[in-house]
Amino acid sequence: KKPEVSNADWNRGGKNAKVVMVEYSDFECPFCKSFHPTMIQVIKDYGDKVKWVYRHYPLSFHANAQKAAEASECVGKLAGNDAFWKFTDLYFERTTAGGTGFALDKLADLGAEAGANKAAVQSCLDSNEMAQKVKDQMAAGTAEGVTGTPGTIIIDAKGDTQLVPGALPFEQVKPMIDKAL
């Protein structure tokens, strides 16, 4: 099943790019942490030719991953796409990954650093407002063929898809993108 992409998705790169990369990620996954710089390099090198869409796939054995995903959604809702990405970048820079790498009681502080109101982020988290959105994204990822993280689906201009198997380095992702272009 091909991912449905909309303007409501958190994205970087070209809004009308020929190639879309839908990444299903887990904030506490060490492989996702190592893959994040690869995706940043993709956007840096390909610019408007590629759109990077971020979706959540918090694995059950990573205790803080669900709440971290919810926090990113709260930050995005409160302060927009740029704040979502700033939160995401900061989180991956600072987490030790592997289950509980970033303290839950620091998520609102990180949200504030990314540009959202700290109290509003905490309120959003406490209300579990974003829990279902995160769960729905994970279910969609599973339906689209994702079995682990990171699970990135490349969609080319014709709508054909290809799965990037795990946390590949940029040198291995580049030929996949070039083929899709």
Side-chain angles (χ1 to χ4, degrees), residues 1-62 65-77 80-89 91-92 97 129-170 172-181:
K1 183 178 171 197
K2 184 176 103 176
E4 294 295 324
V5 177
S6 80
N7 290 333
D9 286 306
W10 306 120
N11 65 82
R12 274 183 167 157
K15 298 286 182 217
N16 301 307
K18 286 185 176 180
V19 172
V20 178
M21 297 181 74
V22 179
E23 179 191 3
Y24 284 93
S25 189
D26 172 329
F27 278 110
E28 287 301 315
C29 163
F31 302 104
C32 298
K33 178 182 169 77
S34 70
F35 189 63
H36 196 71
T38 296
M39 288 303 298
I40 290 171
Q41 187 69 43
V42 165
I43 296 304
K44 184 177 168 208
D45 282 20
Y46 287 93
D48 287 345
K49 293 179 186 171
V50 174
K51 179 194 283 191
W52 173 15
V53 171
Y54 191 97
R55 302 230 174 114
H56 303 288
Y57 204 89
L59 301 172
S60 60
F61 53 87
H62 291 152
Q66 173 73 29
K67 273 301 184 191
E70 291 175 34
S72 73
E73 288 295 326
C74 291
V75 168
K77 175 190 163 217
N81 191 65
D82 290 346
F84 170 86
W85 284 104
K86 187 169 184 189
F87 177 94
T88 300
D89 292 345
Y91 194 100
F92 279 122
E129 176 184 342
M130 296 299 175
Q132 193 59 51
K133 180 176 184 180
V134 172
K135 289 175 184 168
D136 290 348
Q137 286 188 0
M138 187 167 184
T142 300
E144 293 159 6
V146 175
T147 57
T149 55
T152 307
I153 300 166
I154 298 174
I155 308 167
D156 69 18
K158 293 179 278 186
D160 294 332
T161 62
Q162 178 181 4
L163 184 66
V164 177
L168 297 181
F170 178 75
Q172 286 180 269
V173 174
K174 185 180 182 338
M176 298 170 90
I177 297 169
D178 290 343
K179 183 180 174 215
L181 286 169

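Counting from 1, the numbers follow the sequence of the chain as shown. Predicted model only: the values in this text are computed from it and were never measured.
Proximity of Cys74 to Glu129: side-chain heavy atoms (C-beta onward) are nowhere separated by under 4.5 Å. Side-chain contact between His36 and Thr88 is present, with heavy atoms from C-beta onward closer than 4.5 Å. Side-chain atoms of Val173 and Gln41, non-hydrogen and from C-beta on, never get closer than 4.5 Å to each other. Side chains of Lys135 and Met138 form no contact here, defined as non-hydrogen atoms less than 4.5 Å apart. In this structure, Val19 and Tyr46 have side chains that are not in contact, with every pair of non-hydrogen atoms separated by 4.5 Å or more. Using a 4.5 Å heavy-atom threshold, the side chains of Phe92 and Ser25 count as touching. Ser72 has its side chain within reach of Phe27: a pair of non-hydrogen atoms, C-beta onward, lies under 4.5 Å apart.
Residues Gly159 and Lys2 approach most closely at O-CD, 3.2 Å, considering heavy atoms. When all heavy atoms of Ile43 and Arg12 are compared, the closest pair comes out as CD1-O, 3.8 Å. The two residues Tyr57 and Tyr24 come nearest to each other via the heavy atoms CB-CB, 3.9 Å. Between Val53 and Val5, the closest heavy-atom pair is CG2-CG1, 3.8 Å. Counting all heavy atoms, side chain and backbone alike, Glu144 lies closest to Glu4 at OE2-N, 4.3 Å. The two atoms that bring Gln66 and Ala131 nearest to each other are NE2-O, 3.4 Å, heavy atoms only.
Side-chain atoms of Trp10 never come within 3.5 Å of backbone atoms of Arg55 as a donor-acceptor pair (strictly under, hydrogens ignored). With hydrogens and angles disregarded, a donor-acceptor distance shorter than 3.5 Å links the side chain of Lys51 to the backbone of Lys15. Counting only distance, with no hydrogens or angles, the side chain of Asp9 and the backbone of Asn11 share no donor-acceptor pair below 3.5 Å. Of the possible polar contacts, one joining the Asp26 side chain to the Leu59 backbone as a donor-acceptor pair under 3.5 Å is found.
Residue-environment remark: CG (Asp160) exceeds the threshold of 12 foreign heavy atoms within 6.0 Å. The local environment of CZ in Phe170 is crowded, with over 12 non-hydrogen atoms from other residues, nucleotides or ligands closer than 6.0 Å. Counting non-hydrogen atoms of other residues, nucleotides and ligands closer than 6.0 Å to NZ of Lys133 gives a total above 12.
Ring geometry, His56 versus Tyr54: the interplanar angle exceeds 60°, so the pair is classed perpendicular (tilted spans 30 to 60°).
In this structure, CD1 on Ile40 lies 4.5 Å from CG on Asp89, to the nearest 0.5 angstrom. A distance of 4.0 Å separates CE in Met21 from CE in Met39, rounded to the nearest 0.5 Å. A distance of 11.5 Å separates NZ in Lys158 from NZ in Lys18, rounded to the nearest 0.5 Å.
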